[in-house]
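Each remark here refers to the structure printed beneath this line.
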Amino acid sequence: MSGVQLHGETLTLLPERAIWWEKKRTLILSDLHVGKIMHFRKHGIQAPVSQIESELQRFTHLISSYTPNELIIVGDLFHSSLNSEWEMFCSVTQMYPNTRFILVRGNHDRMPAYVLHSANISTSTVLVREPFIFTHEPEKHHIYYTISGHIHPSVSLYGKAKQHLRLPCFYITEQYLLLPAFGIFTGTATIKPDKNDRVFVIAHQEIIEIKPYEKVSI
């Protein structure tokens with residue numbers, strides 16, 4: 001875990017690819033892409049079914065460990081049309097009636113509101129929890145600091161023997177914070193940080209800050 005200070009608030013970056021805002025008892029995560037694995041398998045792509053259970057266990061572990069009052073998903077909860085993964089996910093959210101689940105809709109979130117409500121999930125296009133505004137895509141806001149997803153940020157590390165390792169990361173700029181994709185089977189986009197940006201990679205269940213303007217080797 002690693003705590004960062006943003007606009008007078010402490011946010012804890014978690015190796016489970018989420019953020020814990022203790023003052024508000026709020027968990028924040030993004031880009032679960034529930035349903036993607038079964039969607040791929042339906043179209044003949046051999047995606048790992050075991051990953052579904054692994055991600056649901058990670059999701060359940062977070063809620064059970066932190067008992068949040070609120071859990072904010074910053075977009076792309078579901079990937080495609082309804083399938084068995086959605087039913088599995090609903091069985092988890094319904095286990096926690098005291099947690100308010102909120103989805104800030106992303107570009108993949110086309111599911112009708114009544115389907116989401118049946119899973120104990122309310123929806124919004126943007127969400128304000130001062131001093132932050134939650135949107136799916138990163139954007140500069142003139143009043144609030146933005147917390148977003150969408151990009152699936154990662155950084156590349158290189159070894160002396162030409163090894164190459166790409167790691168998911170939390171990416172913090174003056175205008176916004178980008179969360180890593182919670183879903184493992186999502187792909188990533190390599191970011192190119194500026195000197196004043198902060199980058200926290202997730203490696204071996206640890207959060208490690210790296211200097212974006214220095215060449216990092218493995």
Side-chain angles (χ1 to χ4, degrees), residues 1-7 9-22 26-34 36-37 48 50-51 54-63 65-66 68 71-77 79 104 106 132 134-140 145-218:
M1 296 187 295
S2 181
V4 295
Q5 298 291 321
L6 287 173
H7 291 253
E9 298 292 329
T10 300
L11 301 180
T12 303
L13 312 182
L14 305 175
E16 292 87 355
R17 304 185 178 211
I19 292 174
W20 175 237
W21 187 5
E22 185 173 9
T26 296
L27 276 170
I28 307 158
L29 46 119
S30 184
D31 296 278
L32 282 75
H33 288 274
V34 174
K36 186 171 187 177
I37 290 175
S50 60
Q51 192 63 52
S54 175
E55 293 189 1
L56 285 174
Q57 287 177 346
R58 183 158 45 98
F59 185 72
T60 304
H61 173 74
L62 276 171
I63 302 171
S65 298
Y66 291 94
L71 188 149
I72 301 171
I73 300 169
V74 197
D76 286 358
L77 165 61
H79 184 76
V104 178
F132 305 121
F134 298 90
T135 64
H136 180 55
E137 298 188 26
E139 57 186 39
K140 184 177 180 180
Y145 183 85
T146 304
I147 296 180
S148 298
H150 185 58
I151 304 297
H152 306 184
S154 66
V155 292
S156 292
L157 309 180
Y158 299 91
K160 295 181 180 179
K162 297 185 178 180
Q163 308 101 311
H164 173 236
L165 181 64
R166 182 180 291 176
L167 296 175
C169 66
F170 295 88
Y171 179 36
I172 301 175
T173 76
E174 292 183 359
Q175 290 81 35
Y176 55 80
L177 181 155
L178 286 182
L179 284 98
F182 187 84
I184 302 295
F185 198 67
T186 57
T188 62
T190 303
I191 59 171
K192 296 180 180 179
D194 292 329
K195 184 174 181 178
N196 293 326
D197 298 340
R198 300 183 72 184
V199 176
F200 295 82
V201 299
I202 303 169
H204 302 295
Q205 293 301 302
E206 293 185 28
I207 300 292
I208 303 170
E209 184 172 12
I210 64 173
K211 303 298 183 183
Y213 49 87
E214 295 179 357
K215 187 174 181 179
V216 181
S217 299
I218 55 175

Please determine whether the number of non-hydrogen atoms from other residues, nucleotides or ligands lying under 6.0 Å from atom CD of Glu22 exceeds 12.
no
Which pair of non-hydrogen atoms, one from Ser30 and one from Gly149, has the smallest distance, and what is that distance?
OG-CA, 3.3 Å
Please report the shortest heavy-atom distance between Phe170 and Ala18, naming the atom on each side.
CZ-O, 3.4 Å
Rounded to the nearest 0.5 Å, what's the gap from [atom1] on [X] to [atom2] on [Y]? Could you check?
| X | Y | atom1 | atom2 | value |
| --- | --- | --- | --- | --- |
| Glu137 | Ile151 | CD | CD1 | 7.0 Å |
| Ser148 | Asp31 | OG | CG | 10.0 Å |
| Asn196 | Ile172 | CG | CD1 | 13.0 Å |
| Ser156 | Lys192 | OG | NZ | 10.5 Å |
| Gln205 | Leu14 | CD | CG | 10.5 Å |

Which word best sums up how the rings of [X] and [Y] line up, parallel for under 30°, tilted for 30 to 60°, or perpendicular for over 60°?
| X | Y | result |
| --- | --- | --- |
| Tyr145 | His7 | tilted |
| Trp21 | Phe134 | tilted |
| Trp20 | Tyr66 | tilted |

Answer whether the closest heavy-atom distance between the side chains of [X] and [Y] falls below 4.5 Å.
| X | Y | value |
| --- | --- | --- |
| Leu167 | Ile208 | no |
| Ile19 | Leu179 | yes |
| Asp76 | His136 | yes |
| Ile63 | Pro68 | yes |
| Phe182 | Ile73 | no |
| Leu29 | Leu71 | yes |
| Asp197 | Ile191 | no |
| Ile202 | Arg17 | yes |

Run the side-chain contact (heavy atoms from CB on, under 4.5 Å) test on Thr190 and Val155 for me, step by step, so that the C-alpha distance in whole Å, both residues' side-chain angles and the decisive distance to 0.1 Å come before the verdict.
CA-CA 5 Å; Thr190 303; Val155 292; 5.6 Å; no
Determine yes or no for a side-chain-to-main-chain donor-acceptor pair under 3.5 angstrom, with [X] supplying the side chain and [Y] the backbone.
| X | Y | result |
| --- | --- | --- |
| Ser2 | Leu13 | no |
| Thr146 | Tyr176 | no |
| Ser154 | Arg166 | no |
| Arg58 | Glu16 | yes |

Please identify each residue that fulfils side chain to side chain donor-acceptor pair (under 3.5 Å) with Glu174, with sequence neighbours left out.
none
Set of side chain to side chain contact (heavy atoms under 4.5 Å, CB included) partners for His204, sequence neighbours left out:
none
Derivation and outcome, side-chain contact (heavy atoms from CB on, under 4.5 Å), residues Ile147 and Ile72:
CA-CA 11 Å; Ile147 296 180; Ile72 301 171; over 6 Å; no
List the steps, then state whether side-chain contact (heavy atoms from CB on, under 4.5 Å) holds for Phe132 with Leu6.
CA-CA 9 Å; Phe132 305 121; Leu6 287 173; 4.1 Å; yes
